[in-house]
Structure formats: C-alpha cells, structure tokens
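Shown next, in structure tokens, is the structure this report addresses.
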Number of protein chains: 2
Amino acid sequence: MSVRLVIARCSVDYAGRLTAHLPEATRLIMVKADGCVAIHADGGAYKPLNWMNAPNTLTDHGDHWTVVSPKGEKLTIHLHEVITEVGHELGEDPGLTKDGVEAHLQELLAAAPEAIEQGLTLVRREYPTAIGPVDLLCRDTAGHVVAIEIKRRGEIDGVEQLTRYIERLKLDSSLGEIRGMLVAQSIKPQARVLAEDRGFRWVEVDYDELRGLAPDDLRLF
Amino acid sequence: MSVRLVIARCSVDYAGRLTAHLPEATRLIMVKADGCVAIHADGGAYKPLNWMNAPNTLTDHGDHWTVVSPKGEKLTIHLHEVITEVGHELGEDPGLTKDGVEAHLQELLAAAPEAIEQGLTLVRREYPTAIGPVDLLCRDTAGHVVAIEIKRRGEIDGVEQLTRYIERLKLDSSLGEIRGMLVAQSIKPQARVLAEDRGFRWVEVDYDELRGLAPDDLRLF
DNA sequence: GACTCTATCTCGGTA
DNA sequence: TACCGAGGTAGAGTC
C-alpha cells in the first residue's frame with residue numbers, strides 16, 4: 001500500500017468510456033495506494049495518456065498487467081522491458097487549503113450584499129430552480145427581487161446562466177418584478193455588453209476589500 | 001531532459017490564479033522534460049494536489065525549490081527530507097489513438113439521420129455560421145430545416161450552443177422555417193427541461209446500435 | 001494571440 | 001447514488 005513508480009517500455013490498451021491504444025514506447029506507470037493507475041509520457045502537463053480511477057483490481061500476469069474497474073472499464077499494460085521501479089509509503093495527506101475560489105466570494109457577498117448595491121438585502125443563497133440554484137436572491141430598496149450570479153471571472157457564460165435563471169424565475173408570478181445582476185472580481189468587455197443588452201446590471205467587486213468588510217469568522221481562511 | 005521523480009517530506013505554497021497551501025507530508029514530486037511540475041499524494045486519481053504547467057523556470061535553492069511561470073504564477077516547494085529520487089529519459093511518445101468520441105458519433109449520425117427522426121435527410125455536416133459550425137443540418141419530411149447539436153452527454157451547455165445557432169440561422173431567411181434538436185447518448189434532466197423550454201426536440205441515441213446501422217467503412221475503427 | 005468547444009474531464013456538494 | 005456546477009479546468013482546433 002503505497003505509491004509505485006515503474007519506468008518501462010510498454011504498450012497500452014484501454015476499453016471503457018471509449019477505446020484507446022498506445023503503441024510501444026518508454027513511459028512512466030504510476031500506481032497509487034487506492035489502486036488508481038496512470039500512464040505518463042515525458043510532457044503534456046499533469047494529464048496522463050491513459051489512466052484508470054480507483055477502485056480497481058490490478059493483476060500482474062508477468063509480461064502484462066490488467067486493471068479492471070467495477071464499472072467494466074479495462075486497461076491492459078504490456079510490459080516489454082522494465083527499466084526502473086521504486087515505491088514508497090506516503091501515508092495520509094493532510095490536504096490542500098485554498099483561498100480565492102467562487103464559494104468564498106459568494107460567502108462574503110452573502111454576508112455583505114450592501115457591497116453589491118446600496119440597500120440590498122439577502123433573501124437566500126443558492127435559491128433553487130428546476131435548472132439549478134441561483135447564487136444569491138436579494139431584495140432591493142424598491143422591494144423588487146434581484147437574482148445575482150457570482151463569478152470569479154465574469155464571462156459570457158455567466159450572463160447566459162443569469163439569463164436562464166431570470167427566464168425561469170419569471171414563470172413564478174409570486175416573486176413579482178425581477179431583475180438580474182452579474183457580480184465578479186473582473187468582467188470581460190463582451191460580458192458587460194451582453195449583460196447590458198439583456199437588461200442586467202453588472203458590478204465588479206474587490207475580493208480583499210470584501211474580506212475587510214466581512215465578520216471575523218469569514219476572514220480566517 | 002527527462003522525467004524526474006522525487007519522493008520527499010515537503011510543504012508547498014502556490015500563488016497564482018488562487019492561493020493554496022499544503023502542510024508538511026510525504027509526497028511525490030514529478031518534473032517532466034518540458035518543465036511542468038506536479039505534486040502527488042497517494043490517492044486522488046491522476047490529478048495532483050498542486051502543479052505548474054510548462055513553461056516554467058525551476059530553481060533549486062537547496063532546502064526549497066521555486067517554480068515560476070511567465071504568467072506570474074509561483075510554486076514554492078520546501079523540501080524537509082528527500083527520501084528517494086529517480087529519473088529517466090523517456091523520449092518522444094508516439095501518441096494515443098482514440099475511438100468513441102463526439103466526432104465519431106457525428107459521423108455515424110450523418111450517415112444515418114433516420115436514427116434521429118423518421119424521414120430526416122442530411123443537408124450538410126459542420127454547416128458553417130459566423131459563430132461556429134452546426135454539427136448537422138438536415139431537412140425533415142415537411143421540408144423544414146432542422147439544426148442538430150450532437151453531444152456524447154447532453155447537458156445545459158449543449159442547449160445554449162443550439163440556441164445560439166438557431167438564433168443565427170434564423171437571420172438567413174433563405175432557409176425558411178427552422179427547428180432545433182439536441183441528440184446525445186444520454187441527456188440530463190436539466191438539459192431536457194431547458195431544451196423543451198426553448199422549443200427544441202431532444203433524442204437519445206445508442207452508439208453501438210448506430211455502429212450496427214453504419215456502412216462497413218465507418219465500423220472499422 | 002484570442003476565442004470556441006471537447007473531455008475516459010476531475011472534484012466537491014447535495015438531494 | 002445520480003445529478004449539478006466549478007475548475008488554477010487542460011488541450012485541440014479555428015480564426
């Protein structure tokens with residue numbers, strides 16, 4: 001139970017969600033403790049050429065390995081020549097802490113909707129609709145409902161998403177008058193234009209400034 | 001110029017599109033020939049905890065490495081104890097051949113549009129518009145144009161794409177009446193709702209069945 | 001270089 | 001479990 005690294009001349013066949021074949025070449029085979037397998041070439045970023053996610057059953061047949069998943073996927077690795085093999089126990093990983101993702105931005109804005117527009121009050125975060133949840137549902141000083149789509153980066157698909165929600169929310173006559181708003185740390189010119197075309201306000205917010213406004217418990221990431 | 005594998009107790013900091021931190025633990029550090037770096041734990045599929053895509057400048061400061069990209073991203077790896085280190089030249093990879101991706105589904109459906117709807121005939125594959133090509137343009141038994149968006153998995157994005165194409169095609173009055181259709185191996189409930197809202201038919205097709213219908217030259221993948 | 005779209009996407013959250 | 005949305009999406013193709 002550990003990470004196992006094999007450098008070998010090998011050819012590989014995958015049959016599962018699609019079928020794929022790798023001709024013979026020297027590659028790195030990585031097998032992790034959970035049974036996942038990845039075949040790496042010397043390039044192409046972190047993505048392997050072929051892989052199988054855990055859980056798997058790996059069987060060593062000498063000249064070839066078979067990796068079979070319960071979902072019926074199968075990877076066959078033909079080993080023509082093993083060049084190096086190392087392994088080591090890594091143990092449990094304490095895990096990654098992240099800061100600056102969309103969820104944090106949403107938390108901060110839910111706690112301080114005033115930062116988006118003067119007088120705005122929160123009705124609900126993740127307001128559910130049949131086509132997905134609206135990030136923030138608010139009410140403005142005139143008492144109108146405001147649907148808010150939050151993005152780290154405001155692009156066209158954010159405006160499309162907001163359009164879908166508004167379209168859907170308008171089917172519910174009990175909500176009364178509704179308007180849409182796109183809020184992001186930065187908004188691309190194309191997205192600004194499209195938002196305006198659709199009658200939505202857009203607002204850029206400063207993440208660090210928001211953290212300053214937020215109550216202490218949201219500042220301790 | 002080769003893949004380099006280091007197993008070490010390390011802690012890692014990333015500052016770039018977001019900020020992230022990994023506390024001290026034993027991990028695998030992989031450096032490929034192109035300069036990309038990946039930090040792996042012993043689990044979690046093929047995705048590393050942290051990474052830097054090529055191109056990068058990697059500097060070894062003894063007790064820590066810094067990896068800097070031209071875009072201003074920075075990864076710092078503090079090495080507390082190096083346990084194992086191996087490397088090997090892998091050489092150029094001949095590359096992966098695939099079968100069963102969206103392009104194949106499109107070929108099969110172009111050859112057998114009847115599988116989508118009775119009486120449908122192909123006008124053109126990859127019908128060009130100013131905002132990108134429509135997967136299939138067909139004509140139905142009533143003589144109306146049908147724009148078809150093909151996906152392996154039908155999700156909301158596919159409906160949005162189809163919406164844009166239809167909007168665009170309607171500007172060309174020479175085409176006459178136009179309707180849209182979403183065709184996929186499976187279609188998610190939200191995508192079905194949105195497609196119906198927009199007045200599009202959606203159809204699920206079976207890939208293996210289609211291969212059976214297709215002429216021999218399309219079956220020899 | 002910017003834009004568009006696919007992906008064996010992966011990953012986390014939730015009903 | 002399936003579904004849904006975010007992602008440091010990555011990567012390929014096109015313009």
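Just so it is clear: chains get the letters A, B, ... in the order the sequence lines come, proteins before strands, and each one is counted from 1.
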Does [X] put a side-chain nitrogen or oxygen below 4.0 Å from OP1 or OP2 of [N]?
{"X": "A/Asn53", "N": "C/dT10", "value": "yes"}
{"X": "A/Lys151", "N": "D/dA6", "value": "yes"}
{"X": "B/Arg152", "N": "C/dC9", "value": "yes"}
{"X": "B/Arg164", "N": "C/dC3", "value": "no"}

Minimum-distance nucleotide to [X] side chain [options: [options]]:
{"X": "B/Arg17", "options": "D/dG8, D/dG7, C/dT10", "answer": "D/dG8"}
{"X": "B/Val101", "options": "D/dT9, C/dT10, C/dT8", "answer": "C/dT8"}
{"X": "B/Lys98", "options": "C/dT8, C/dT6, D/dG8", "answer": "C/dT8"}
{"X": "B/Tyr165", "options": "D/dG11, C/dC5, C/dT10", "answer": "C/dC5"}
{"X": "B/Glu73", "options": "D/dG8, C/dT6, C/dT10", "answer": "D/dG8"}
{"X": "A/Arg153", "options": "C/dC11, D/dG11, D/dT9", "answer": "D/dT9"}

Salt bridge check: are [X] and [Y] linked by an N-O gap of less than 4.0 Å?
{"X": "B/Glu117", "Y": "B/Arg201", "answer": "yes"}
{"X": "A/Glu167", "Y": "A/Arg198", "answer": "no"}
{"X": "A/Arg125", "Y": "A/Glu107", "answer": "no"}

For [X], which contact category applies under a 4.0 Å heavy-atom criterion: base, sugar-phosphate, or nothing?
{"X": "A/Tyr14", "result": "base"}
{"X": "B/Gly16", "result": "nothing"}
{"X": "B/Glu149", "result": "sugar-phosphate"}
{"X": "A/Met52", "result": "nothing"}

For the pair A/Asp99 and A/Tyr207, evaluate side-chain hydrogen bond (donor to acceptor under 3.5 Å, both in side chains) and give the outcome as yes or no after the intermediate values.
CA-CA 11 Å; A/Asp99 176 29; A/Tyr207 187 74; 2.7 Å; yes
Examine distances only and state if a side-chain atom of B/Glu204 and a backbone atom of B/Ile187 form a donor-acceptor pair shorter than 3.5 Å.
yes
Partner nucleotide of D/dG8 by Watson-Crick or wobble geometry (both distances under 3.5 Å)
none
Please give the distance between the P atoms of C/dC5 and D/dG8 as a whole number of Å.
22 Å
Separation between the P atoms of C/dT4 and C/dT8, rounded to whole Å:
22 Å
Do the side chain of A/Asn50 and the base of C/dT8 come within less than 3.5 angstrom through a donor-acceptor pair of N or O atoms?
yes
